[in-house]
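Order of the sequence lines sets the chain letters (A, B, ...), proteins ahead of strands, with each chain counted from 1.
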There are 2 protein chains.
Amino acid sequence: MTGTGTGGTGAGVRAADEDRVFAALANATRREVLRLLRDEGPQPVQALADHFAMRRPSLSEHLKVLREAGLVTEQRSGRRRIYRLEAAPLAEVQDWLHPYERFWRERLKGLGELLDRMPDDDRP
Amino acid sequence: MTGTGTGGTGAGVRAADEDRVFAALANATRREVLRLLRDEGPQPVQALADHFAMRRPSLSEHLKVLREAGLVTEQRSGRRRIYRLEAAPLAEVQDWLHPYERFWRERLKGLGELLDRMPDDDRP
DNA sequence: AGAATAGGTAGGAGATTCCCTACGCGTCAA
DNA sequence: TTGACGCGTAGGGAATCTCCTACCTATTCT
């Protein structure tokens, strides 16, 4: 929904989305939540909370950050809310990563030095 | 140097490294610095600072965060310090990303629903 | 209906982030 | 040697993060 062409602002929205995703991933608890949803499938909040040494309301706030980054969705089931992994924003992270790939591959082949460009104004 | 097998603690070190990398990427200025070093090659601090509406000491602190995450290295050249992209830690991000890949691919093929597992205790 | 369960929100404390203005240190030019 | 340049660090302030303890609503069970 907040996809590639929402219209109007265009790139500004994308940048904000990107920022939310990277910010969401900047916390170890939230990354662990994503791993749990990936490895154990969709779960209600309490089941997730069992894995952490943190009160449930704190986890609720982490889930909110993940929701606003589009990394999880909730589906209400009675009085519970089943959280599910939404991996699509992670594809954008991979896209962001891609232009760097050749740099670490060069390093691994030991060719890095040869291909580095000097700043071309002066050297000591 | 702070690579895969520093010895002793093992996974603890890795987790701390991972955290530093994700934290470093959580800021748009720092991601832009990485992009500049990637697209324009190694540069001194002032050349980088020209791209930002921020005082140079602030950028220096961003560079420190990137250095401590292993994402850049500095090479002294006279009174200047040439910063260079070190993409290796980004390979670890890609490794982290990899187990999620099948999830967004499933979604794209519209098969997501079929493969989702229920929490297997009860449904409404 | 009343009690228990599931989970979100409010408000606050302490830590961290991100920017700033000084200022210090090393290097190059005059 | 003196001054200008390049860059890092110190210290501080505002904003944000991350955790907490209440507290509220919605649903289910008895």
Atom [atom1] of [X] and atom [atom2] of [N]: how far apart are they, to the nearest Å?
| X | N | atom1 | atom2 | answer |
| --- | --- | --- | --- | --- |
| A/Arg20 | D/dC17 | CZ | P | 12 Å |
| B/Leu63 | C/dC19 | CG | C1' | 15 Å |
| A/Arg81 | D/dT28 | CZ | P | 13 Å |
| B/Lys64 | C/dC19 | NZ | P | 16 Å |
| B/His62 | C/dT17 | NE2 | P | 12 Å |
| A/Arg55 | D/dC17 | CZ | P | 23 Å |
| B/Asp19 | C/dT16 | CG | P | 12 Å |
| A/Arg79 | D/dT27 | CZ | P | 11 Å |

Any side-chain N or O of [X] less than 4.0 Å from the OP1 or OP2 oxygen of [N]?
| X | N | value |
| --- | --- | --- |
| A/Asn27 | D/dC17 | no |
| A/Ser60 | C/dG8 | yes |
| A/Arg56 | D/dC20 | no |
| A/Tyr83 | C/dA6 | no |
| A/Ser58 | D/dT18 | no |

At less than 3.5 Å, do the side-chain atoms of B/Gln46 and the base atoms of D/dC7 form a donor-acceptor pair?
no
Of A/Ala23 and A/Pro57, the one whose nearest nucleotide on DNA chain D sits closer to the 5' end is A/Ala23
Side chain [X], main chain [Y], donor-acceptor under 3.5 Å:
| X | Y | result |
| --- | --- | --- |
| A/Arg80 | A/Gln46 | no |
| B/Tyr100 | A/Arg35 | yes |
| A/His98 | A/Gln94 | no |
| A/Arg31 | A/Leu25 | yes |

Is it true that A/Glu74 and A/Arg76 have a side-chain N and a carboxylate O under 4.0 angstrom from each other?
yes
NA contact type, B/Phe52, heavy-atom cut-off 4.0 Å: base, sugar-phosphate, or nothing?
nothing
Which part of the nucleic acid, if any, lies within contact of A/Arg76, taking any heavy atom under 4.0 Å across all strands shown: a base, the sugar-phosphate backbone alone, or nothing?
nothing
Considering only heavy side-chain atoms of A/Arg80, the closest of D/dT18, C/dA6, D/dA10 is C/dA6
